[in-house]
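Just so you know, these numbers come straight off a predicted model, no measurement behind them. The chains referred to below are lettered A, B, ... by the order of the sequence lines, with proteins before strands, and numbering in each begins at 1.
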Protein chains: 2
Amino acid sequence: MDQDPPPGEHLLRMLTALASPHRLRIVAALAEGRSYVSQLARRLEMNRPLLYMHLQRLEAAGLVVGELETARDGSSVKYFEVVPFALALTPQVIAEAVPTLEVAEPGAAGRTRNGPASGGSGEDTST
Amino acid sequence: MDQDPPPGEHLLRMLTALASPHRLRIVAALAEGRSYVSQLARRLEMNRPLLYMHLQRLEAAGLVVGELETARDGSSVKYFEVVPFALALTPQVIAEAVPTLEVAEPGAAGRTRNGPASGGSGEDTST
DNA sequence: CCCCCCTGTCAGATGAGACTGACACCCCCG
DNA sequence: CGGGGGTGTCAGTCTCATCTGACAGGGGGG
């Protein structure tokens, strides 16, 4: 089940996951130590369902991991902790990752939005 | 003139600027060499106004710079090129940048949602 | 003169994500 | 039994970024 997500897709996923003040704050909070959903919701003063969604997004991007622990008393508590990721973001990295981005999805929805594109004017390869 | 944008704000701006397949593609294209708007629009097969907006966003984040050059014949061409940025993205960096994020809109919204102090509930410092 | 290439900006339609309140369910404690 | 956490999920609303077509210029060349 461990497929290879193209670098471009993964990069985009990480960026979209982090491009949100709430999610940045969540990561920062988890960087100080693991916590469970309800507690974190109180700490950050946000609704549980909302926090839940953000956590799922972060987890989908591989930035945090959640584990449902069952205490001895039987109560279930879902702990989250941050993954020690390290992403060097440079134009070079982006340039190498982009070619693996899926261009657009034809097929489904009948939007055959074919573009005549340019009229073939001066496409030069000048520096 | 040269004010200090808080690290958190700047970080968020860069992330939101890059969290878009189109903008990633633009950066990748510019990484191969400078280009002007119309040419880039043809190359990436997107509308000029749209590309224009994305370029402004990238420029606002300080990831690219645009310069309006006037050729000898008087025609104006706006060239863009990528800025050699290098951002190391780690939980640590985020944790340090987040405290400088503006919490929310001040003034309005009298949500004095002050925590009734969750009492002595389970605010544990467990690891 | 008309045609072509370029920049810059806008009102408006569209869609995706953010956000809320409520629900079903579990388990312990008084 | 009732109350108090905790998780997981849902339908619905609402805001905002995105995307499009069109416009108003500036300037060169056949």
Could you state the [atom1]-[atom2] distance from [X] to [N], rounded to the nearest angstrom?
X     : N      : atom1 : atom2 : result
A/L55 : D/dG8  : CG    : C1'   : 13 Å
B/R43 : C/dC6  : CZ    : P     : 13 Å
A/L50 : C/dG21 : CG    : C1'   : 13 Å
B/L51 : C/dG8  : CG    : P     : 12 Å
B/E45 : D/dC19 : CD    : C1'   : 16 Å
B/M53 : C/dT14 : CE    : C1'   : 13 Å
A/R48 : D/dG6  : CZ    : C1'   : 8 Å
A/Q56 : D/dT9  : CD    : C1'   : 9 Å

Any donor-acceptor pair under 3.5 Å linking the side chain of [X] with the backbone of [Y]?
X      : Y     : answer
B/N47  : B/P49 : no
B/T100 : B/G8  : yes
B/T16  : A/A19 : no

Taking 4.0 Å as the cut-off, does a side-chain nitrogen or oxygen of [X] come that near to OP1 or OP2 on [N]?
X     : N      : answer
A/R42 : D/dG6  : yes
A/H54 : C/dG17 : no
B/Y36 : C/dT7  : no
B/S20 : D/dA17 : no

Kindly state which residues belonging to residues 63-76 of chain B come within less than 4.0 angstrom of DNA chain C, counting heavy atoms of the residue only, listed by number.
B/L68, B/S76
Whichever of A/N47 and B/K78 has its nearest DNA chain C nucleotide further upstream toward 5'
B/K78
Judged by each residue's nearest nucleotide on DNA chain C, which is more toward the 5′ side, A/H22 or B/Y52?
B/Y52
Would a 4.5 Å heavy-atom cut-off, applied to side chains only, mark A/L87 and A/L11 as touching?
yes
Heavy-atom distance under 4.5 Å between the side chains of B/K78 and B/E69, does that happen here?
no
For the side chain of A/V77, starting at C-beta, report the closest nucleotide among D/dA17, D/dG6, C/dT7.
D/dG6
Those residues that, when tested against B/H22, pass side-chain contact (heavy atoms from CB on, under 4.5 Å) (two or more places apart)
B/S20, B/R25, B/M46, B/L50, B/H54
I'd like a table of donor-acceptor pairs (distance under 3.5 Å, sequence neighbours excluded) in which one partner is a side-chain atom from residues 88-97 of chain B, with atom names and distances.
unit_1: B/T90; atom_1: OG1; unit_2: B/V93; atom_2: N; d: 3.2
unit_1: B/Q92; atom_1: NE2; unit_2: B/E96; atom_2: OE2; d: 3.2

